[in-house]
Engineer: 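There's a structure below that I have some questions on.
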Amino acid sequence: MPLDREHRDRRRQAIVEILRANPVENQKELLSRLRERGIEVTQSSVSRDLKDLGATRVEGVYDLPSWAQPPDTEFERVRGFVKTVHTAGPHQTLVTTDAGAARLVAHAIDLEKWPEAVGTLAGDDTFLIFTKEIGHQKLLLQRFKTFLEGD
């Protein structure tokens, strides 16, 4: 999976560079410019990338918001797999994900060493985040809210 993520991030960075350098009128043109850079890609991937980057068509060309950049943290890379976040007790937060993604998301949180989290315990499509204090759980819930409302 890291290779897919690395390819996606490289592709998205190239899209940002292309759109910022020259006007692009359609996805076919963008596909061509990506292939000129040696990036093999499908139209559906480019469409998804444009959506995720917040690209819009303005006066017949694609435009990116100033904040559009590929994710730069492990959690940002996998946050799209998160479905719901609920408290499961005073020091436990239950997170549901797409099937098979719980370990990936929990691992990203562990890698980033979120200060609110003592640790995680993952299954297939759910995982628990343990916090030491109730205040940490509130901070954790706020962090998720901020990340997930950004979509």
Engineer: Applying ring-ring contact (aromatic ring centres under 6.0 Å, His included), can you list everything that pairs with Y62, at least two apart in sequence or on another chain?
Structural biologist: none
Engineer: Taking all non-hydrogen atoms of both residues into account, name the closest pair between D98 and G80 and its distance.
Structural biologist: OD2-O, 4.1 Å
Engineer: Does the pair Q142 and K145 meet the rule for a side-chain contact (heavy atoms from CB on, under 4.5 Å), with working shown?
Structural biologist: CA-CA 5 Å; Q142 184 59 47; K145 182 178 178 186; 4.2 Å; yes
Engineer: To the nearest 0.5 Å, what is the distance between CZ (R12) and CG (L53)?
Structural biologist: 5.5 Å
Engineer: State whether the number of non-hydrogen atoms from other residues, nucleotides or ligands found under 6.0 Å of E25 atom CD is greater than 12.
Structural biologist: no
Engineer: Any side-chain heavy atom of R143 within less than 4.5 Å of one from L139?
Structural biologist: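 No; the side chains remain at least 4.5 Å from each other.
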Engineer: Where do I134 and P90 come nearest, in terms of heavy atoms and distance?
Structural biologist: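 Reported closest heavy-atom pair: CD1-O, 3.1 Å.
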Engineer: Using modelled atom types and a 3.5 Å cut-off, is there a donor and acceptor pairing between side-chain atoms of T93 and backbone atoms of T87?
Structural biologist: no
Engineer: Would E116 and K138 satisfy salt bridge (Lys or Arg N to Asp or Glu O under 4.0 Å), going step by step from the backbone distance to the final call?
Structural biologist: CA-CA 9 Å; E116 309 91 339; K138 289 178 183 176; over 6 Å; no
Engineer: Which value, rounded to the nearest 0.5 Å, describes the distance between I39 atom CD1 and R35 atom CZ?
Structural biologist: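 Separation between the atoms: 11.0 Å.
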Engineer: Could you walk me through whether T126 and T96 pass the side chain to side chain donor-acceptor pair (under 3.5 Å) check?
Structural biologist: CA-CA 4 Å; T126 59; T96 62; over 6 Å; no
Engineer: Within the structure provided, determine whether L94 and V85 are in side-chain contact (heavy-atom separation under 4.5 Å).
Structural biologist: no
Engineer: Does E133 have any salt bridge (charged side-chain N to carboxylate O under 4.0 Å, His left out) partners at least two apart in sequence or in another chain, and if so, which?
Structural biologist: none
Engineer: Rounded to the nearest 0.5 Å, what separation is found between the CG atom of D124 and the CZ atom of R103?
Structural biologist: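 With rounding to 0.5 Å, CG (D124) is 7.0 Å from CZ (R103).
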Engineer: Write down the atom of D125, the atom of A99, and the distance for their closest heavy-atom approach.
Structural biologist: CB-CA, 4.0 Å
Engineer: Working to the nearest 0.5 Å, report the span between CG of L121 and CZ of F130.
Structural biologist: 5.0 Å
Engineer: Can you give me the closest heavy-atom contact between K83 and T97, atom names plus distance?
Structural biologist: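 K83 and T97 have their closest heavy atoms at CD-O, 3.8 Å.
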Engineer: With rounding to the nearest 0.5 Å, note down the distance linking CG in D110 to OG1 in T120.
Structural biologist: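 OG1 of T120 is found 3.5 Å from CG of D110.
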Engineer: Same cluster or not: L128 versus V105, using hydrophobic residues (I, L, V, M, F, W, Y) connected whenever any side-chain heavy atoms lie under 4.5 Å apart?
Structural biologist: no
Engineer: Quick check on the hydrophobic clustering: are W114 and V95 connected, directly or via other members, by side-chain heavy-atom contacts under 4.5 Å?
Structural biologist: yes
Engineer: Is the distance from the ring center of F75 to that of F81 below 6.0 Å?
Structural biologist: no
Engineer: First locate atom CD of Q27, then atom CG of L34, and finally report the distance between them rounded to the nearest 0.5 Å.
Structural biologist: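 Separation between the atoms: 10.5 Å.
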Engineer: What are the two closest heavy atoms between Q137 and Q92, and how far apart are they?
Structural biologist: NE2-O, 2.8 Å
Engineer: With distance as the sole criterion, is a donor-acceptor pair present between the side chains of S45 and T42 under 3.5 Å?
Structural biologist: yes
Engineer: With a 4.5 Å limit on heavy-atom distance, are the side chains of I15 and V24 in contact?
Structural biologist: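 Sidechains of V24 and I15: no contact.
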Engineer: With a 3.5 Å distance limit and no angle check, can you tell me whether E112 reaches the backbone of E74 through a side-chain donor-acceptor pair?
Structural biologist: yes
Engineer: Using 4.0 Å as the upper bound for N to carboxylate O, is an ion pair formed by D49 and R8?
Structural biologist: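 Here R8 does not pair with D49 in a salt bridge, since their nearest N and O are not under 4.0 Å apart.
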Engineer: Check this for me: H107, atom NE2, are more than 12 non-hydrogen atoms of other residues, nucleotides or ligands nearer than 6.0 Å?
Structural biologist: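 For H107, atom NE2 is not crowded (no more than 12 foreign heavy atoms under 6.0 Å).
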Engineer: Indicate the atoms forming the closest heavy-atom contact of V118 with K132, along with that distance.
Structural biologist: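 What the structure gives for the nearest pair is CG2-N, 3.4 Å.
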Engineer: Has R57 got a side-chain atom pairing as donor or acceptor with D63's backbone, closer than 3.5 angstrom?
Structural biologist: no
